[in-house]
Amino acid sequence: MSHEAEEEYEFEDSTFEINSPTVANDESIENDTPERVIRGKAPLNVEEQLDYYRKKAIHQDILIFEMRALLQSGKGFGNILNLKELLCNFMAVVRERYDATNSSVLLRDDLDPGQNYYRVKSYSGLDSEFVINDRAPESLYMFKFMQDNGLLWQIIRQGNVFSVQDLQKDPRFETAWRQWNLGVLKSDTWCPLIKNGEVLGILALGEKSDGSQISETEYPFLQELASIATTNIDSTLKYEKNQRILRNIQTLYNVNQQLAHVNDFKRLCVETLATAVDAVSAQKGNLMLLNKETGQLEIKVVWGNIPHHVRDDINNGIRSTKTFSLGEGIAGQCAAESRPIRKNDKKYIEQVGKNIVYCICCVPLMRGDTVEGVIALTNKVRTNDNGERVLDDIGRFTEEDVSLCQGLADQAAVNLHKSRLYNKSITDEMTGLYNTRHFEDSLLSLMDSASHTGKPLCLAVSDIDHFKNFNDTHGHKAGDAVLQQVARVMQSCIRPDSGDMVFRYGGEEFCMLLPDTEPEEAADLMEQYRKRIESHVVLHDAKEMSVTVSIGVSCAPKDTRDEKKMFERADECLYVAKETGRNQVNTYFQGLKLRYGEKVDVTLLKQVIQSEETKS
């Protein structure tokens, strides 16, 4: 046979390239026969035919396996409704399939309003922190890069797997790599995660463990696997978002039910803020109200990771705090522009204290078109393995967080307006304490409760010693200053979550109701109050002044079930305190009027009890 004749019967290369799992349905492959791949008419011998079918069987086996793998992956991914778990499973499958040394998934997020960023949501085989330009290390979960119209993003939008390194392992997109420090990801291959024509995210894979790159012949299976995962990622994101929305709606409903009939202004402020802090897992927060006279935002209540004594002093008006002008800081800007503002990058947040603010969310309190105040929340917390709430330095405020806080703020604005009107009718204008009218109503209500439950209720009546002489000596303005300071100190004695209430009963006389409190405990608390007043300095017109107080304490239902007798007995103890030297606490106990620290004379006590029994 001549050389030309041999060429006439030369066979095509019978090796197969796996282009895509979809080739399993390619009719040109399914209908291939040995005769069709021969350029001439000479038949294949038996060995050549066996070799041909063996290779075809191997090819088909690979396709079937990969189709099954895709099917099983789809089923596995579809059963996961937790984003973190889903991404970890997706990356594990890909790393095993391609022997990749590392992987990361970046997803589009809403943490930077107005900017379309893609941030690391999950990773494996990479350093947990990254450093850029000698700045402080940051968690890899904070790594992000922005979508633009450059060449890199033009290729990403096409949706095909592509290599981001050339054969020398240099970046193919030098400008983008340098601008966004993409070398942090140590990636060789990128797979866009496309859903409905939009880039949902990016899967970034490192080189193989032997240092080689993933070949283009392996891209199709990765593309199909990523397509299945993308569908499930999209569904999981929507599921988790819907769950958050439902929780937020439930929270708003619960708060509305709880606070709709609450008229106590401070309680409304505290509970609204506490709900916001807890609902969005904020580290701390404050509620500011706009002083219409000064134009300043004043912090009224604080909540969260704050020392309790500091929190209580601020909430009770004892400790003064910084005020903000409209437009000053993020809270001032929020009030000035009447819109929510959140910052999730500490580089754009002015750091004024010793604690770093990683993120901040401010929402305005609006009544109609009028700004009433601002709720400001800072940082996020998470629950550690010990069940403790600790700072989450990678947590950030989301759109759902802002929506929930705005809903709470809108409810609060309406409730606080109603509460202001009610509180005005029950509040003493000078001191800010409850007035006599509210004292009488509260005493009647609490006495009725104590009589039914048998739980103790104590009443303390306090009077400023020699107040008339003080007024005559220093003037009524100085006297007003003293009344205000004494009121603040007594208010600061309110125990957290206790139901304690403080009133100005008239003139220089103040009352405090202490539910579920034994006489001894009430006497201890009033002794602390007395000492604080004794050591307190009132500064007025550059003069330092001080006063003392006398206090009488009575208790129900042990000593009486009648509110008038309860007040009379506390008043009797107050009279005894004044007659026996002032600046002391006296408590009514089984008919005796005992000075604080005085031991009970058992013999005298028996005589008093017998006398009371004889009268009855």
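Counted by atom type alone, N291 and Q296 present zero donor-acceptor pairs between their side chains at under 3.5 Å. For Q250 and N254, the side-chain atoms include at least one donor-acceptor pair closer than 3.5 Å. E388 and T383 share no donor-acceptor pair across their side chains, judged by distance under 3.5 Å alone. Side chains of N316 and K266: a donor on one and an acceptor on the other come within 3.5 Å. Q406 and D410 form a side-chain donor-acceptor contact under 3.5 Å, judged by distance and modelled atom types alone. Side-chain atoms of E400 and N248 form no donor-acceptor pair, as typed in the model, at a separation below 3.5 Å. At a cut-off of 3.5 Å, with distance as the only test, a side-chain donor of T548 or D465 sits close to an acceptor on the other residue. Under 3.5 Å, the side chains of R532 and S492 contain a donor-acceptor pair of N or O atoms. Side-chain atoms of D428 and T431 include a donor-acceptor pair closer than 3.5 Å.
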Only distances under 3.5 Å count here; give the side-chain donor-acceptor pairs of residues 536-544 to other protein atoms, sequence neighbours excluded, each with its distance to 0.1 Å.
{"from": "H536", "atom 1": "NE2", "to": "Q485", "atom 2": "OE1", "distance (Å)": "2.9"}

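Note on E527 versus R530: salt bridge recorded, some NZ/NE/NH1/NH2 to OD/OE distance being below 4.0 Å. Salt bridge annotation for D571-K565: absent, with no cationic side-chain nitrogen under 4.0 angstrom from a carboxylate oxygen. With respect to R488 and D313, no salt bridge is recorded, no charged nitrogen being found less than 4.0 Å from a carboxylate O. Salt bridge E372/R420: present, at least one basic N to carboxylate O contact under 4.0 Å. Taking a cutoff of 4.0 Å between a charged side-chain nitrogen and a carboxylate oxygen, D562 and K564 do not qualify as a salt bridge.
Judged purely by atom type and a 3.5 angstrom limit, N242 uses its side chain to pair as donor or acceptor with the backbone of K238. Not one N or O on the side chain of Q491 forms a donor-acceptor pair closer than 3.5 Å with the backbone of L433. No donor-acceptor pair under 3.5 Å is formed between the side chain of R437 and the backbone N or O of E440. Formation of a donor-acceptor pair under 3.5 Å by the S419 side chain with backbone atoms of N415 is not found in this model. Remark: side-chain polar atoms of E509 are not paired, donor with acceptor, to backbone N or O of S462 under 3.5 angstrom. Put simply, the side chain of K322 never gets that close to the backbone of E298: no donor and acceptor are under 3.5 Å apart. Of the possible donor and acceptor atoms, one in the side chain of N315 sits under 3.5 Å from a partner among the backbone N and O of V302. Between the side chain of T517 and the backbone N or O of P515, at least one donor-acceptor pair lies under 3.5 Å. Proximity of a side-chain donor or acceptor of T427 to a complementary backbone N or O of Y434 within less than 3.5 Å is not detected. Distance alone, capped at 3.5 Å, places no donor-acceptor pair between the E534 side chain and the K531 backbone.
For F470, the ring pair (Phe, Tyr, Trp, His ring centres under 6.0 Å) test picks out H474, with sequence neighbours left out. Evaluation of the ring pair (Phe, Tyr, Trp, His ring centres under 6.0 Å) rule for F324 yields no partner, not counting sequence neighbours. Under the ring pair (Phe, Tyr, Trp, His ring centres under 6.0 Å) criterion, Y505 pairs with F439, F567, not counting sequence neighbours. Every residue two or more places apart in sequence or in another chain that forms a side chain to side chain contact (heavy atoms under 4.5 Å, CB included) with D109 is listed here: L111, Y117, R119, K121. In this view, H309 and P307, R319 satisfy the side chain to side chain contact (heavy atoms under 4.5 Å, CB included) rule, not counting sequence neighbours. Taking the side chain to side chain donor-acceptor pair (under 3.5 Å) definition, one finds that R382 meets it with nothing, sequence neighbours left out. With sequence neighbours left out, the ring pair (Phe, Tyr, Trp, His ring centres under 6.0 Å) criterion links F143 to F130. R396 is linked by a side chain to side chain donor-acceptor pair (under 3.5 Å) to nothing, counting only residues two or more places apart in sequence or in another chain. Remark: D392 engages no residue in a salt bridge (charged side-chain N to carboxylate O under 4.0 Å, His left out) (not counting sequence neighbours).
Side-chain contact between K455 and L446 is absent, with no heavy atoms from C-beta onward closer than 4.5 Å. Contact check for V255 versus Q411: side-chain heavy atoms found under the 4.5 Å cut-off. Using a 4.5 Å heavy-atom cutoff, the side chains of V374 and L365 are not in contact. Inter-residue side-chain proximity for C361 and V402 is flagged as met; some heavy-atom pair is nearer than 4.5 Å. Residues L200 and R108 meet the side-chain proximity criterion, which asks for heavy atoms closer than 4.5 Å. Here the side chains of T275 and T251 are in contact, with some heavy-atom distance below 4.5 Å.
In this structure, L297 and A335 approach most closely via the heavy-atom pair CD1-CB, 3.9 Å. V553 and C573 make their closest contact through O-SG, 3.9 Å (heavy atoms, listed as atom of the first residue, atom of the second, distance).
Residues in residues 333-342 take part in these side-chain hydrogen bond (donor to acceptor under 3.5 Å, both in side chains) pairs, two or more places apart or across chains: Q333-E337, E337-R339. Residue pairs that meet the side-chain hydrogen bond (donor to acceptor under 3.5 Å, both in side chains) test with at least one member in residues 277-289, sequence neighbours left out, are Q283-N379.
Taking a 6.0 Å sphere around CD of E429, one finds it holds 12 or fewer heavy atoms contributed by other residues, nucleotides or ligands. Annotation for D369: atom CG does not count as buried by contact number, only 12 or fewer foreign heavy atoms lying within 6.0 Å. By the 6.0 Å contact criterion, NZ on K380 is enclosed, its count of non-hydrogen atoms from other residues, nucleotides or ligands being greater than 12.
Screening N344, I349, L377 for a side chain to side chain contact (heavy atoms under 4.5 Å, CB included) involving I360 leaves a single residue, I349.
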Using side-chain contact (heavy atoms from CB on, under 4.5 Å), reason through L290 and L326 one step at a time and then give a plain yes or no.
CA-CA 9 Å; L290 181 64; L326 293 179; 4.0 Å; yes
Begin from the C-alpha positions of E521 and R495 and carry the test salt bridge (charged side-chain N to carboxylate O under 4.0 Å, His left out) through to its verdict.
CA-CA 12 Å; E521 187 180 354; R495 298 162 298 176; 2.8 Å; yes
Dump the intermediate steps for side-chain contact (heavy atoms from CB on, under 4.5 Å) on T587 and Y596, then the final yes or no.
CA-CA 7 Å; T587 304; Y596 183 81; 5.9 Å; no
List the steps, then state whether side-chain contact (heavy atoms from CB on, under 4.5 Å) holds for I330 with K343.
CA-CA 9 Å; I330 297 175; K343 299 286 185 182; 3.6 Å; yes
What verdict does the side-chain contact (heavy atoms from CB on, under 4.5 Å) test give for W153 and V199, after you've listed the backbone C-alpha separation in whole Å, the side-chain angles of each residue and the deciding distance to 0.1 Å?
CA-CA 10 Å; W153 271 101; V199 182; 4.0 Å; yes
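Ring pair Y422/H438 is perpendicular by interplanar angle, where above 60° counts as perpendicular and below 30° as parallel.
Residue L83 holds its CG atom at 6.0 Å from CG of L107, rounded to the nearest 0.5 Å.
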